[in-house]
S.K.: 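There's a structure below that I have some questions on.
Just the heavy atoms: all of them, side chains too, but no hydrogens, waters or symmetry mates, feed the values below.
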Amino acid sequence: MSLRLRLTLWYSGILAITMLLFGIVLYFLLNFFLYDQIREDLKKEAVTSAERIQTSYVLSKKGLTLDLELEARDFLSTNTFLQLYNVLLKSYNRSANLQNYQQTLPLSQAVIDKLKTEPGFFEKTKFLNQDILIYHLGIRSDDQTRNLIGVLQTAVPIGSYERTAVTLRNTLIIWAILTILVAASLGWFLARKALKPIERVIEAANQIESGDDLEKRIHYDGPLDEIGRLTNTINGMLSRIQITYVELDEAYRAQRRFVSDASHELRTPLTTIRGNVDLLEKMWKQTSGTQALATPDQVQMSLEAMHDIAGEAQRMSRLVNDLLALARADAGVLMEKHPVEFKPLVHEVVRRAQLLEHTAEWQVGNLDALEDAVVQGNRDYLQQLLFIFIENAFKYTKAGTVTINAIRRNSFIGIRVSDTGIGMDKEDIPHIFDRFYRADLSRGITTGTGLGLSIAKWIIDEHDGSVEVTTRKDEGSTFLIWLPANFPHAI
């Protein structure tokens, strides 16, 4: 059901109820006042006539009985029918206009019985094929018994009043129906006219949706009413959406340019470094085989250093690709995972971590819990995960110790990286894994982009793991990384 139809039905329904109530009240008020005057006059005439009733005693079969007669002038009444009934003699005295019809007014035994307990009452009935209103008045004896001795009936025709009431009722019904029909038609027209701007709003919105054209606006030249304010609000919203869309599009284009440029700029030097390292490694092998340019220990250390440089260069290359993969991960790209023996991976990270730039003492705790542990994951990302926490520990610990150890709990292994550095406030803990967030305590003291822990959290989530953080300001921090693992060779 459309809004226009609902408005019309509501308007017509309210008007119909109003007209119905008005007609009922008007009909009954007019009917009441009209008949009230008739009843008043009829009752007054009955009381007046009753006061003029003449009484006398007559000899009848029942003995000496009281007789009742109307005065002569009551017999001359033309507008009102008068009838006096003697209950004892069962005789009637009627006015002249009633005698002409040679009929008596209706009088039943029920009326007589009712008058024994009531002084008088009105009754509508039929007489000579017309509607009349009768007032029955009881005539009682003057002694203490106050027995009913007669019934005085005064009646007037009310056919014209009844026809007037019927005409009034029919007129009100016809007038109400015509008024409702006209009002409904007018309401339908006005509702259509009032809702026309909303239809234009819907049409313009559909065009914008189908055409993806945010520059379109809804044209409205009417008054600044509810529809005018709605149109202005929608136009303002479209303007803000357009501005936001343009800004996001520009930001997205800038991000793509940055990623493309960064990947291109980093790929070239990394390729050069790796090429030079391979060349130096070949040269050292050749010279070590022909001439003793260096001691065997120096040659071995140089080879290890070049291996580490090559490994770092490879890891940096992977890091660039991982950052691109992290961006793709936001789009829902899944990480490739394979079974990874975790203990050799951690030992390799531990060995290479001591070559990182640091001033704190690097301590390696008990890693026996990693024995036979196999993690379903990505080797490069797992290495990156551990390096992020170790590098952070070195970065925020200028003096003291940085410790790594491992624990096992059911089907999970935990890597704990602890430091005795600057620590954090408890208010910072819920935000440390947010991108670009850095605790205020570290701002200006250490360098960084604030992306490390957010990348680490993503890697942990991708491996169905979790991380626990314990920290205290000026005392240090502990990160405990939990990862699900299998132990196929465990006894």
S.K.: Would you say the ring centers of Phe433 and Trp458 fall short of 6.0 Å from each other?
M.R.: no

S.K.: Mind checking the CD-NZ spacing from Glu427 to Lys473? Nearest 0.5 Å is all I need.
M.R.: 9.5 Å

S.K.: Would you say Asp36 has more than 12 foreign heavy atoms packed within less than 6.0 Å of its CG?
M.R.: yes

S.K.: Should we count CZ of Arg472 as having more than 12 external heavy atoms under 6.0 Å?
M.R.: no

S.K.: Hydrogens and angles aside, do Thr471 and Ser477 bring a side-chain donor and acceptor to less than 3.5 Å of each other?
M.R.: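 A pair is found: one side chain offers a donor N or O, the other an acceptor, under 3.5 Å apart.
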
S.K.: Answer yes or no: does atom CD of Gln130 have more than 12 heavy-atom neighbours from other residues, nucleotides or ligands under 6.0 Å?
M.R.: yes

S.K.: For Phe121, does the six-membered ring have the charged nitrogen or CZ of Lys43 within the cation-pi criterion, i.e. under 6.0 angstrom from the centroid and within 45° of the normal?
M.R.: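 Negative - Lys43 is either too far from the ring of Phe121 or too far off its axis.
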
S.K.: Checking side-chain contact (heavy atoms from CB on, under 4.5 Å) for the pair Ile415/Leu370: CA distance, chi angles, key distance, verdict?
M.R.: CA-CA 9 Å; Ile415 305 296; Leu370 303 178; 3.8 Å; yes

S.K.: For Arg416, check salt bridge (Lys or Arg N to Asp or Glu O under 4.0 Å) against everything at least two apart and list the hits.
M.R.: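 Testing Arg416 for salt bridge (Lys or Arg N to Asp or Glu O under 4.0 Å), a comparison that skips the adjacent residues, returns none.
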
S.K.: Should Leu133 and Phe122 be marked as a side-chain contact (heavy atoms from CB on, under 4.5 Å) after you check the CA-CA gap, both sets of side-chain angles, and the distance that decides it?
M.R.: CA-CA 7 Å; Leu133 179 65; Phe122 291 95; 4.3 Å; yes

S.K.: Is the shortest side-chain heavy-atom distance between Ile38 and Val156 below 4.5 Å?
M.R.: yes

S.K.: Lys426: which residues meet the salt bridge (Lys or Arg N to Asp or Glu O under 4.0 Å) condition with it, sequence neighbours left out?
M.R.: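 Salt bridge (Lys or Arg N to Asp or Glu O under 4.0 Å) check on Lys426 returns nothing, list empty.
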
S.K.: Begin with the C-alpha distance, continue with both residues' side-chain angles, and end with the deciding distance and a verdict on side-chain contact (heavy atoms from CB on, under 4.5 Å) for Tyr381 and Ile455.
M.R.: CA-CA 10 Å; Tyr381 281 115; Ile455 297 175; 5.9 Å; no

S.K.: Walk me through whether Ile390 and Asn392 qualify under side-chain contact (heavy atoms from CB on, under 4.5 Å).
M.R.: CA-CA 5 Å; Ile390 295 173; Asn392 273 356; over 6 Å; no

S.K.: Check whether the side chains of Gln37 and Asp41 place a donor and an acceptor atom closer than 3.5 Å, and report yes or no.
M.R.: yes

S.K.: Should the heavy atoms of other residues, nucleotides or ligands under 6.0 Å from CZ of Phe28 be counted, would the total exceed 12?
M.R.: no

S.K.: Can you list the residues that meet the salt bridge (Lys or Arg N to Asp or Glu O under 4.0 Å) rule with Glu361, with sequence neighbours excluded?
M.R.: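 In terms of salt bridge (Lys or Arg N to Asp or Glu O under 4.0 Å), with neighbours along the sequence ignored, Glu361 is linked to no residue.
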
S.K.: Can you list the steps and then say if Arg352 with Glu348 is a salt bridge (Lys or Arg N to Asp or Glu O under 4.0 Å)?
M.R.: CA-CA 6 Å; Arg352 294 170 59 182; Glu348 182 180 355; 3.3 Å; yes

S.K.: Do Asp131 and Lys126 pass the salt bridge (Lys or Arg N to Asp or Glu O under 4.0 Å) test, and can you show the C-alpha distance, the side-chain angles, and the key distance before you say yes or no?
M.R.: CA-CA 5 Å; Asp131 295 318; Lys126 287 283 188 178; 2.9 Å; yes

S.K.: Counting heavy atoms not belonging to Glu336, are there more than 12 under 6.0 Å from its CD?
M.R.: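 It does not: Glu336 CD has 12 such atoms or fewer within range.
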
S.K.: Within 45 degrees of the axis of the six-membered ring of Phe487 and under 6.0 Å from its centre: does Arg408 put its NZ or CZ there?
M.R.: yes

S.K.: Check each of Ile173, Thr179, Ile174 against Ile177 using the side-chain contact (heavy atoms from CB on, under 4.5 Å) test, and report the only one that passes.
M.R.: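 It is Ile173; the other options fail the test.
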
